[in-house]
Number of protein chains: 2
Amino acid sequence: MAGKRGKARTDGGGTGEDAPSDPPLTRERIVATAVDLLDAEGIGGLTMRRLADRLGAGVMSLYWHVENKDDVLALALDTVLAYRPPASTDVPADWRGQVVHLLEDWRVAMLRHPWAATLLPRQPLGRNALDRLERLSRTLSEAGVADDDLNAAIWSLWNSVMGATVTRASYDRSAEDRAAAQRRLEDPSGQHPTIERSRLLLDDDWDGVFRRGIGFLLDGLSRRPR
Amino acid sequence: MAGKRGKARTDGGGTGEDAPSDPPLTRERIVATAVDLLDAEGIGGLTMRRLADRLGAGVMSLYWHVENKDDVLALALDTVLAYRPPASTDVPADWRGQVVHLLEDWRVAMLRHPWAATLLPRQPLGRNALDRLERLSRTLSEAGVADDDLNAAIWSLWNSVMGATVTRASYDRSAEDRAAAQRRLEDPSGQHPTIERSRLLLDDDWDGVFRRGIGFLLDGLSRRPR
DNA sequence: ACCTGAACACCGTTCAAGT
DNA sequence: ACCTGAACACCGTTCAAGT
């Protein structure tokens with residue numbers, strides 16, 4: 001095992017003529033690889049050195065294409081947040097259905113990449129996040145939500161999406177883990193009788209809770225005089 | 001400047017008899033200092049070495065009292081989440097008022113220590129978090145929320161608290177910063193007409209948004225057949 | 001224009017000691 | 001029982017070069 005661990009030039013022993021040498025570094029390739037790495041190893045697993053390794057480049061080469069690590073994270077997040085509109089036949093006709101679709105799609109995008117949930121609220125909003133907010137805002141506005149209520153409506157819904165994703169991204173443990181949490185609760189028994197009895201920590205109907213919460217908010221918003 | 005930087009024994013030049021030498025390390029002292037450090041420097045500012053410095057001890061001394069850095073974070077979080085019930089005269093008489101109080105108090109506790117918002121959803125729930133959930137649960141249950149609805153109600157409200165705190169902890173920038181965000185929005189103009197016009201990014205009525213969101217959720221929950 | 005290694009100033013934690 | 005320094009295996013990033 002001579003040599004350093006990076007730059008794994010994979011040409012066998014021969015001429016190296018047709019070796020699949022690494023394509024040149026680009027911003028896009030860096031970001032795509034960062035997303036893969038984040039998906040595979042979580043947020044603590046993304047390291048400039050490891051990222052460079054995966055790309056078959058030296059660490060410092062990244063810095064030509066990218067500002068710094070924060071920049072990589074921001075770009076990865078924005079990539080993952082891109083909104084891909086459904087076929088127009090699948091778009092609900094009513095505004096409520098449209099809003100629910102936008103929010104569910106948002107939530108699903110973040111849950112596919114759990115690290116995104118913790119990242120989103122800690123950087124300035126990127127293009128794709130703003131796009132989603134714009135769509136949501138337009139839908140609500142067209143539905144007749146008064147201008148005065150618009151921002152409050154959006155932030156309330158945003159809070160639900162953020163709360164739901166941030167929580168689930170970290171508490172969606174195995175049934176095993178949930179059972180353990182419940183047992184821990186019961187151990188010095190009597191401390192938490194209500195949530196012990198309701199089995200709060202065993203609950204895992206994330207989708208249902210999210211939908212109902214959104215539903216309540218929309219009820220409240222649409223009942224407002226306009 | 002000879003000597004290392006830690007262990008700043010502050011006895012002047014004399015006998016050192018009555019020097020205010022550091023009190024012995026204890027779990028409590030470590031956690032309290034960690035909270036101070038987190039408040040002052042944010043989550044990235046907490047380092048085992050810096051923490052030890054503040055305590056006038058060697059780094060490794062901490063490990064006698066504490067498992068590891070994660071343990072310190074969990075303990076700091078739990079400390080900050082302790083619920084201090086108000087004087088009984090200040091407790092609202094109606095269940096809605098009680099719930100709102102519990103949630104507002106929770107939110108305020110987290111906003112006082114913005115690092116707590118990002119920490120809470122990434123560790124198993126500690127004693128004080130469970131206590132708060134228990135109180136919330138009991139209040140709702142006594143108010144007549146059906147057992148089947150209880151968990152969904154709690155998680156919905158939890159989502160609102162988490163979303164609101166996590167978001168605010170990182171977006172509550174100065175008026176200056178908010179203006180900059182708005183300008184960035186207007187720059188390649190026409191991309192986001194609706195949120196540009198509604199000045200979504202300039203909005204800072206966090207309290208109002210939170211209260212209204214909670215209100216809508218409670219409306220929805222209490223209108224359920226029981 | 002693009003890529004590089006050496007070096008710096010940090011991390012958290014293991015381990016073998018000290019008292 | 002409590003505290004310690006040296007050492008290890010990492011970090012992100014600066015800088016001065018290389019092609």
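- In this structure, B:Tyr63 atom OH and C:dC11 atom P are separated by 12 Å, rounded to whole Å.
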(message) Run B:Glu104 and B:Arg107 through salt bridge (Lys or Arg N to Asp or Glu O under 4.0 Å) and show every step you take.
(response) CA-CA 5 Å; B:Glu104 292 265 29; B:Arg107 174 165 161 274; 3.4 Å; yes

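- Atom CZ in A:Arg49 sits roughly 8 Å away from atom C1' in D:dC10 (whole-Å rounding).
- Contact check, A:Trp64 against C:dC3: no side-chain N or O comes under 4.0 Å of OP1 or OP2.
- A straight line from CD1 of B:Ile43 to C1' of C:dC11 spans 15 Å, rounded to a whole angstrom.
- Put simply, CG on A:Leu51 is 10 Å from P on D:dG12, counting in whole angstrom units.
- Ring geometry for A:Trp158 against A:Trp106 counts as perpendicular: the plane angle is over 60°, on a 0 to 90° scale with 30° as the lower cut.
- A distance of 8.5 Å separates CD1 of A:Ile195 from CD of A:Gln182, quoted to the nearest 0.5 Å.
- In this structure, A:Met60 reaches the bases: a heavy-atom distance under 4.0 Å links it to at least one base atom across the strands shown.
- Atoms CG (A:Asn68) and C1' (C:dC10) sit 17 Å apart, rounded to a whole Å.
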(request) Go through the steps to decide whether A:Asp131 and A:Arg135 satisfy the test salt bridge (Lys or Arg N to Asp or Glu O under 4.0 Å), and finish with yes or no. (result) CA-CA 6 Å; A:Asp131 271 9; A:Arg135 278 169 201 276; 5.5 Å; no

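- Nucleic acid contact for B:Ser61: base, since at least one base atom lies under 4.0 Å from a heavy atom of the residue.
- Regarding A:Glu67, its CD atom lies at a distance of 14 Å from the C1' atom of D:dT14, rounded to whole Å.
- If you take CE of B:Met48 and C1' of D:dC11, they are 17 Å apart, rounded to a whole angstrom.
- The distance from atom CG of A:Leu202 to atom CD of A:Glu196, rounded to the nearest 0.5 Å, is 10.5 Å.
- Residue B:Arg50 places at least one side-chain N or O closer than 4.0 Å to OP1 or OP2 of C:dC11.
- Taking every heavy atom of both residues into account, A:Arg112 and A:Asp39 meet most closely at O-OD1, 4.4 Å.
- The strand DNA chain D forms stems, runs of 3 or more Watson-Crick or G-U wobble pairs with distances below 3.5 Å, at C:4-8 with D:12-16, C:12-16 with D:4-8.
- Here A:His65 does not reach the OP1 or OP2 of C:dA1: none of its side-chain N or O atoms lies under 4.0 Å away.
- Between the CD1 atom of A:Ile30 and the P atom of C:dC2 there is a distance of 12 Å, given to the nearest Å.
- Annotation: C:dC2 and D:dA17 have their P atoms spaced 22 Å apart (nearest Å).
- Each of D:dC3, D:dT13, C:dT13 was ranked by its minimum atom distance to the side chain of B:Leu25; first place goes to D:dC3.
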(message) Under the criterion salt bridge (Lys or Arg N to Asp or Glu O under 4.0 Å), I'd like the reasoning laid out for A:Arg168 against A:Asp207: C-alpha separation, chi angles, the key distance, then a yes or no.
(response) CA-CA 10 Å; A:Arg168 175 158 181 182; A:Asp207 298 351; 3.4 Å; yes

